[in-house]
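The structure presented is a predicted model; accordingly, all values stated were derived computationally and were not measured. Atom set for the values below is all heavy atoms of this structure, side chains included, hydrogens, waters and symmetry mates excluded.
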Amino acid sequence: MTYTPRLILHLLICLLLPLLVLAGDPEVTVTRIENLPNRLFYFDDTLVVLFHDPVRLAVMRSPDEGKTWSPISGPGEGDAVRLIDHPHNKKMAFIIGRDTTHWVTYNQGDSWQSFETPREASLGASMLSFHAEQDGWILFQGRACEDTGSGKWGGGRSCWDETFYTQDAFRSPPKLLLSQTSQCLFARSSPAFVNAPESLIFCVAFDSSNKPGGGGMHSYKESRLYSSEDWYENKKFVDLGIGKRAQGVVGLGVVSKFMVAALKVHLYVSTDGKEWRQTQFPHSALPDLKENAYTVVESTTHSIAVDILTSPSANIGTLFVSSSEGTYFVEALPDTNRNDYGIVDFEQLVGLEGVGIANVVSNREEVVGWGEAKKIKTKITYDDGSSWRLLKAPPTHLNGDDWSCNRENTESCSLHVHSVTTPHNIGRVFSSTAPGYVMAVGSVGNSLLPYEDCDTFLSTDAGLTWRMVQEGAHKYEFGDQGSVLVIVDDEEPTDNVKYSYDGGSTWSQLDLGVTVRGLVLTTIPDSTSQKFLLIGTLPRRDSGKGGRHALIFLDFAPVQTRQCTDSDFERWYARSEEGKECLMGHKQWYQRRKLDAQCYVGHKFEDPVGHEENCACTDEDYECDFNYVRQDGECVPVGPEPVPAGTCNKADDKYLGSSGYRKIPGNTCESRSDKAKDSPIMKECSEARPKEGKVSHVTHEFGSVITQHQYFPGSQSLLLQLSDGTVWQSSNEGFSWKQLYEKETFLGVTMHSFASERAYLLTDSKRIYHTTDYGRSWNVITAPEVPNNLGIPILDFHPTKSDWLIYTGAINCADTLSTNCRAVAYYSTDHGRRWKKIEEYVRNCAWARDARLKIDEREIICESYKNKKGSQLGGDYNPLELIAGANYYSKKIKLFDAVVGFASFSEYLLVAQLNEMAGTLSLQVSLDGYHFSEGQFPPSMKIENRAYTILESNTDSVFLHVTMNSDISKEWGSIFKSNSNGTYYNLAVEYVNRNTAGYVDFEKMLGLDGIAVINVVANPKEADISGKKKLQTRITHNDGGTWKPMNPPPKDSLGQEYDCRSTSCSLQIHGYTERRDPKATYSSPSAVGLMLAVGNVGEELAAYTDSDVFLTRDGGFTWEEVHKDAHIWEFGDSGSILVLVNDEEATDHILYTTDEGLTWNEYTFGQTLRVKTIQTVPDDTSRRFLLVGNAPGQSDKSILVHLDFSAITNIKCELSIEDPNHDDFQLWSPSEGREENCLFGRQTMYHRRIRDRNCYIGRRVDQPKTIVRNCTCTPADFECEFNYRRDASGNCVLVDGASPLSYDTEYEQCDGFTEFWYERTEYRKIPYSSCEGGERPDRGKRHECPGLILRGGLGGLFWGSIAMIPFAFAGLAGWYYWTKGSRPGAIRLGEHRAFGDDSPAAGVLSIIASVPIFLIAIGQEGWAWVTRKVPFLDDVFGSRTPYRSVPIDDDAEILGNYEDD
């Protein structure tokens, strides 16, 4: 048979005719409306749509997805204030009325029933809260008000919220749940939160007996969290695990399987509504938090994602993702973009577990520092935030042209998209339930362009690859599970929409019949329909009858007439990137329509079903088991493991114990090996946890000497550095150890001074190992240069920005004969990812800001050599200029032409200025890093050539030790104390002992203010000749106002009287200068009132080997001998355990007490050691200790013994605020030797454990420091005025040759509100005292203040100048203020500095391991160095420089330039 062309054409027409007949055009229906809706929603899995008109206060209903509309029956026009859908019931919705009448529908809005509430709705809160399973259980938030008559014009109202409940969806009247609430919700308000009791309800509420105060509303600070399981017939205060401090609740919510409660600056998480845990964020997440600082973003069922505002001025944050229990957070993505409302540019893709898109600010530094516009980049994650990458740019432009950038370089050429912070449609931004389909408006290049300059892009593989589908910005929506895509122009008014049935490859145009500016394009929530709703505004000229706005119904069902069959579908795997297929133990895949299939899916209201295909288990599928912690990728036990009952009956038995791992909850991986990672393993019973009442130990031997140990504060992790250059880590307080990077030789370990979770291991190359999670993982930073070997600080840390580093390296310094060796400083604001040079030829560069010195956070200060040439190793004099650089050193200002050094102390910036022409040095002090003033000292002081040590102070004044005798082995000096503004320094006590290194026998008590202990040289004249000092101990309880001998105990520890009966007999104790372990402080930050010391009762301090151990429980007022012979000590569990070990000779045992020395127990650790130190965690709250020492005769090796007291009792001490007479603590107040228990003019109460209670404390007890009352003033509240000193009888007398300050204090005391001023006397009130009335020796003749002049006196700016040594400001780099309450774990160099060193062991790191205080110690050697560099200084101090007396009124003049600023 022959086929002619005509016949073929006829056959084709016949074949296509059925399709042409059945296929049709999309349908368009336009409904005019007067006002745009403010609420529009579909009842889930139905055709019904409701929208709320906010102007007419009316609700419209469509039964057919928006094709036709009609008013609802029930509330009339003007009655519908708010429209609310039921999130867990597809038939219910609610209309909130104006007053107490509201409406509910039980049939998708077909009919409405009214119901009454006792109160009108609280419009400012969540009006209705729902139960996820019991859809009739609903909470209603109402507002109650009453007239108070206290308003400005006689009116005034006081309002508060009340919560009501219904168990039948308001079919019966609601009942009162709780009054004075701000929020209530069901624990099971999320379907995933299934572990809580069904009826558990939480409320954030106030004291129901107190109505709101001034302003008519409650203060959030008074809010507390309550719970109930019986509709608040009985309520329970939820203390969040922190006791009565759990107040000031600002938010409560349920996110997936987690309940989150927010206090002002802390988050607490629970997975069952019963047990709460405080979230643990890295330090980088903890700035000065403010409103909207936390944003809990979309989270998975196995973790919470929280974004924290880290750059408030620029709305830039950091995204953190939690562990599976929601407690520990790790940084997932820095520099996230946010808006003013705390909304974060982050969204997960629907149905794809662990896949999300976020926007980051790539130029954060320029935005924060210079106010530049943000440059936004877009990143995507496929593994729940563990790793991120930029979006790959499409191959070409829509027209086939190449991009103007090289798309192979993703850093400069990638796709960036607009996200959540700038929404242009309702609902989700990027995706729907259509598997793998993602649409976005964005641009290709280095960063995101403005919206109107962007184009429309599509990905059909969950963001792995992209295509540009339309030029210009469009709104978009998915339908029929992605088989139909609809877009509408979002830049200009349009009369058409475009649609595609082949995944955006081709587009058809649909005319609307009207021109509108598209505002909303939407469809049913699960995107399974082919019907869409477009809401738009018509041009003004087209607005006529029916309104200017339009609801445009689009029906694409006629386009495709064939429903897809099995052959039209394909299996599509989510996360198909290589190596990222599995998440939570399974692959995820969907059946979806092939892009080119000519059919529709159908299956309306049926969400695409995600299928899971389990993967073989890998290490990523496991987490550490209970009582195990992660250390460098491995799980190690926190201590000996409890054994199952009935096992370990013999010493050589074995038991089946944990492998240390467990599968992450929710993980579905399959173990395909013989032994799963979480399978129990056999263990020796000797390694198990001992029975209750027993101590245990583990011994570790190291092949070289331990030179340094550093704890991570707040964790169980610590690091050891050995003399052979190795570093070891323990994540369980020393129970087990692992060597880090065996092939590396480390120069030193540096802890971040402000971020307790960070540490740095420095090598002799550019490689720096660092951790940001307490050593759980380590990463590498590449430094810009090798570390310097010039004794210059290598790393400097910022107090509030953990990622901001300053690194000082060296160029051409390996050769000691180099002619151009120089130090070069760099800074980084992204934790070493990028470095920018600061300056060359520097001796020190540091962030100007300090923890209390709150100046410009971007200022950098450098000691910079004037002549930028030659070698820094050379000996030629080259002045050091002090340069301050704002905006990361881009705007430099020279502060001084020549300096010796600078440092920060407390809130001051201190500079030792070298006056080259005059040949003198002076101290300059600043509060802002730019303006300086010189400190003032008494006339008898010769500040130019004495050594100074600045002593710790936190009581509104500064203690300064000035060396008066600097002969070797004969050193002593005087302690001076400043007035409240730090301007003048007065003699507090003379002849205070000092050693050759410059350290002073001075130590303040931790936990109690104003108590300090010193040793004085009782025979200064004799010692000056013989070189033998006789030391005596003095103590002050009023911050140096008076110093007294310490009261000796009546009998020794054996009950015998002391052989010392003279009036000069007192307790003498060994001070810091003799202490073998510099970290063995007398006191503990967590054991208030307790002090331990080694000493003797006598007229002078005996040799250490002739001393015994003494203890005080009341801050040094009374003492008792608790054990014979000298021992070193350590506090544990906030003082409930005290451990002693003999350090006079080798020993094989320790002594411990659990009743503060009443009884002692001996524990033998099985090996004779020469113990050098005993340590525990920095805040002394652990029951685990470390002994470090060596075997006799093996001083080149170290032995470490881990002691565990955790099993000696399992009873936890109970602290009951409500019933203090029936708990394990007592309220105690330190006494000042008065009849009343006062210290600093006030009676303050503290909690301490009752001495003989057999229980452990655990977490540190937060002391309330409750001030019961202020006390009457007594002489103990006063000290000598400037230029006065106490004589032998204790009276204040004028210093020889000095003049008193002006008696006139009118300018100081008359502030416009004070009635009288008093003439100055020889006394002044101790700044820290708050006593009232009584004796006032500081007040002379009284005068009336000249009227109420509204101006401030000197008190407007309390300021101080810290005086110190005239030269050795290099000693500032050795400042080490050791308080165990704030120490980072071990040696603290310069409060926030890492210091250089040229010691043989470290090579480039300082090992100033024993500096306890802020030391500016010079001595004669240092001054000789100055005279060599500046020869004319040699004779300049032959005559005394006259002291210029400054009257008190000149306080303001000294700092006048600050007052002006």
Fill in: Stepwise side chain to side chain contact (heavy atoms under 4.5 Å, CB included) test for W137 and S199
CA-CA 9 Å; W137 290 11; S199 59; 4.2 Å; yes

Worksheet entry | Salt-bridge criterion met for K274 and E229 (N-O under 4.0 Å) | yes

Item to complete: Taking all non-hydrogen atoms of both residues into account, name the closest pair between F237 and R224 and its distance.
Response: CE1-CD, 3.6 Å

Practice prompt. State, with a plain yes or no, whether a side-chain heavy atom of P174 is found less than 4.5 Å away from one of P118.
Written response: yes

Discussion item. Less than 4.5 Å apart, side chain to side chain, heavy atoms only: is that true for C617 and K663?
Written reply: yes

Worksheet item: So do H131 and E198 actually touch side chain to side chain, heavy atoms under 4.5 Å?
Response: yes

Worksheet entry | Shortest non-hydrogen separation from S303 to D384 and the atoms involved | OG-OD2, 3.1 Å

Item to complete: Report yes or no: do R277 and T327 form a side-chain donor-acceptor pair below 3.5 Å?
Response: yes

Discussion item. Is a donor from one side chain sitting under 3.5 angstrom from an acceptor on the other, for D307 and T295?
Written reply: no

Worksheet item: Under 4.5 Å between any side-chain heavy atoms of R143 and R119, yes or no?
Response: no

Worksheet item: In Å and rounded to the nearest 0.5 Å, what is the OG1 to CZ distance from T1209 to R1183?
Response: 7.0 Å

Item to complete: State whether a side-chain donor-acceptor pair under 3.5 Å links E757 with S715.
Response: no

Discussion item. Classify the ring geometry of F170 against F140: parallel below 30°, tilted from 30° to 60°, perpendicular beyond 60°.
Written reply: perpendicular

Fill in: Separation between CG of D1252 and CG of D1224, rounded to the nearest 0.5 Å
10.0 Å

Fill in: Sub-4.5 Å side-chain heavy-atom contact between F206 and S179
no

Discussion item. Is it the case that atom NZ in K91 sees more than 12 heavy atoms from other parts of the structure closer than 6.0 Å?
Written reply: no

Worksheet item: So, for G385 and T381, which heavy atoms are closest and what is the spacing to 0.1 Å?
Response: N-OG1, 2.9 Å

Response to the item:
Of all heavy-atom pairs linking I304 and F329, the shortest is O-CE2, 3.6 Å

Item to complete: Could you tell me whether the side chain of D1133 and the main chain of S1136 form a donor-acceptor pair under 3.5 Å?
Response: no

Fill in: Residue list, side chain to side chain donor-acceptor pair (under 3.5 Å) with D773, at least two apart or on another chain
T771, S777

Discussion item. So C1255 and R1249, do their side chains get closer than 4.5 Å, heavy atoms only?
Written reply: yes

Worksheet item: Counting only N and O atoms by type, is there a donor-acceptor contact under 3.5 Å from the side chain of T181 to the main-chain atoms of A205?
Response: no

Worksheet item: Under 4.5 Å between any side-chain heavy atoms of W1228 and V1088, yes or no?
Response: yes

Discussion item. Using the rule given for salt bridge (charged side-chain N to carboxylate O under 4.0 Å, His left out), can you reason through R1184 versus D1204, listing the C-alpha separation, both sets of side-chain angles and the distance that settles it, and then say yes or no?
Written reply: CA-CA 5 Å; R1184 299 185 177 100; D1204 192 341; 3.2 Å; yes

Worksheet item: Among side-chain atoms of E162 and W160, is any donor-acceptor pair under 3.5 angstrom?
Response: yes

Discussion item. Using every non-hydrogen atom in the two residues, find where S736 and S730 come nearest and quote the distance to one decimal.
Written reply: O-OG, 2.9 Å

Discussion item. Show the nearest heavy-atom pair for residues A261 and L252, with the distance to one decimal.
Written reply: CB-CD1, 3.9 Å

Discussion item. C184 vs C203, test: disulfide (SG to SG under 2.5 Å). Steps then yes/no.
Written reply: CA-CA 4 Å; C184 290; C203 285; 2.0 Å; yes

Item to complete: Verify whether the ring centers belonging to Y226 and Y232 lie closer than 6.0 Å.
Response: no

Discussion item. If you apply the rule side chain to side chain contact (heavy atoms under 4.5 Å, CB included), what do you find for V249 with L263, and how did you get there?
Written reply: CA-CA 4 Å; V249 182; L263 271 60; 4.1 Å; yes

Worksheet item: Are the side chains of F346 and T336 in touch, meaning some heavy atoms are under 4.5 Å apart?
Response: no

Worksheet item: Would a distance-only check, ignoring hydrogens and angles, find a side-chain to backbone donor-acceptor pair under 3.5 Å from T163 to L177?
Response: no

Discussion item. Surrounding NZ of K1212 (heavy atoms of other residues, nucleotides or ligands, distance under 6.0 Å), is the total greater than 12?
Written reply: yes

Item to complete: Would you indicate whether E347, at its atom CD, is surrounded by more than 12 heavy atoms from other residues, nucleotides or ligands within a distance under 6.0 Å?
Response: yes

Worksheet, complete the sentence: In this structure, OG of S190 is separated from CZ of F258 (nearest 0.5 Å) by 10.5 Å

Discussion item. Looking only at the side chains, is there a donor atom on one of S270 and D272 sitting less than 3.5 Å from an acceptor on the other?
Written reply: yes

Worksheet item: Under 6.0 Å between the ring centres of F130 and F94?
Response: yes

Worksheet item: Do the side-chain sulfurs (SG) of C635 and C624 come closer than 2.5 Å?
Response: yes

